[in-house]
A.B. asks: 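I am attaching a structure below and will ask some questions about it afterwards.
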Amino acid sequence: GVGQDDLVCYERKLDELVPGCSGQGGSGTDYCCNRPSDWLRYIGDDLGESFYGLCEGHCRRDSDCKGDLNCFKRSDESDLVPGCDGEGYGRKNYCGLPGGTVSPTISPTQFLMPSEIVGTDGSPSDLYPL
């Protein structure tokens, strides 16, 4: 079965899809879902060298992470970790992909009105015909 540690609260601003779920749900309603594999997960402090896997923490140095993963030191819980999603626990540090890019945030992308999409010369963009 699914244990409490396997669930996360997926916070939605509007109608974002919830990982592992189907259907629309209520606009802006948060839902519990199975923890995605790339979700930050605090598993404890000082658990040893090469102990923490991708998106796990609280690491203190790169050698705490398995393989080539790096320990990303966070000054704020909203600091992103390359290869991972979610906010994690407080200002804990997590192992992430070396030189990687951060996963997209769960916040929705800004929606542009057709009048805001223009080409470099100020005319409507060819990419987004009006």
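This is a predicted model, so every value here is computed, not measured. Along the sequence shown, residues are numbered consecutively beginning with 1.
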A.B. asks: What pairs with R60 under salt bridge (Lys or Arg N to Asp or Glu O under 4.0 Å), at least two apart in sequence or on another chain?
C.D. replies: D46
A.B. asks: Would you say that L40 contacts V81 through its side chain, given a criterion of any heavy-atom pair below 4.5 Å between the two side chains?
C.D. replies: yes
A.B. asks: What residues, two or more places apart in sequence or in another chain, satisfy side-chain hydrogen bond (donor to acceptor under 3.5 Å, both in side chains) together with D30?
C.D. replies: none
A.B. asks: Which Ile, Leu, Val, Met, Phe, Trp or Tyr residues join F51 in one cluster when any pair of side-chain heavy atoms under 4.5 Å counts as a link?
C.D. replies: I43, L47, Y52
A.B. asks: Under a 4.5 Å cut-off applied to non-hydrogen side-chain atoms, are L54 and D38 in contact?
C.D. replies: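 Sidechains of D38 and L54: no contact.
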A.B. asks: Looking only at non-hydrogen atoms, find the nearest pair between W39 and C55 and report the distance.
C.D. replies: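 That would be O-CB, 3.6 Å.
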A.B. asks: For C95 and C65: C-alpha separation, side-chain torsions, deciding distance, then whether disulfide (SG to SG under 2.5 Å) applies.
C.D. replies: CA-CA 6 Å; C95 295; C65 302; 2.0 Å; yes
A.B. asks: Could you give the distance from CG (N93) to SG (C59), rounded to the nearest 0.5 Å?
C.D. replies: 5.0 Å
A.B. asks: Side chains of C84 and L80: does their closest heavy-atom pair fall under 4.5 Å?
C.D. replies: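 No, side chains not in contact.
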A.B. asks: Quick one: pull up CZ in R91 and CG in D76 and give me the separation to the nearest 0.5 Å.
C.D. replies: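 Output value for this atom pair is 8.0 Å.
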A.B. asks: Which pairs with one or both residues in residues 62-74 pass side-chain hydrogen bond (donor to acceptor under 3.5 Å, both in side chains), sequence neighbours excluded?
C.D. replies: R61-D64
A.B. asks: Output all residues satisfying side-chain contact (heavy atoms from CB on, under 4.5 Å) with Y42, sequence neighbours left out; order by chain, then residue number.
C.D. replies: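 Result, side-chain contact (heavy atoms from CB on, under 4.5 Å) vs Y42: D45, H58, Y89, K92, Y94.
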A.B. asks: Suppose we screen for side-chain hydrogen bond (donor to acceptor under 3.5 Å, both in side chains). Which residues come up paired with S22, at least two apart in sequence or across chains?
C.D. replies: none
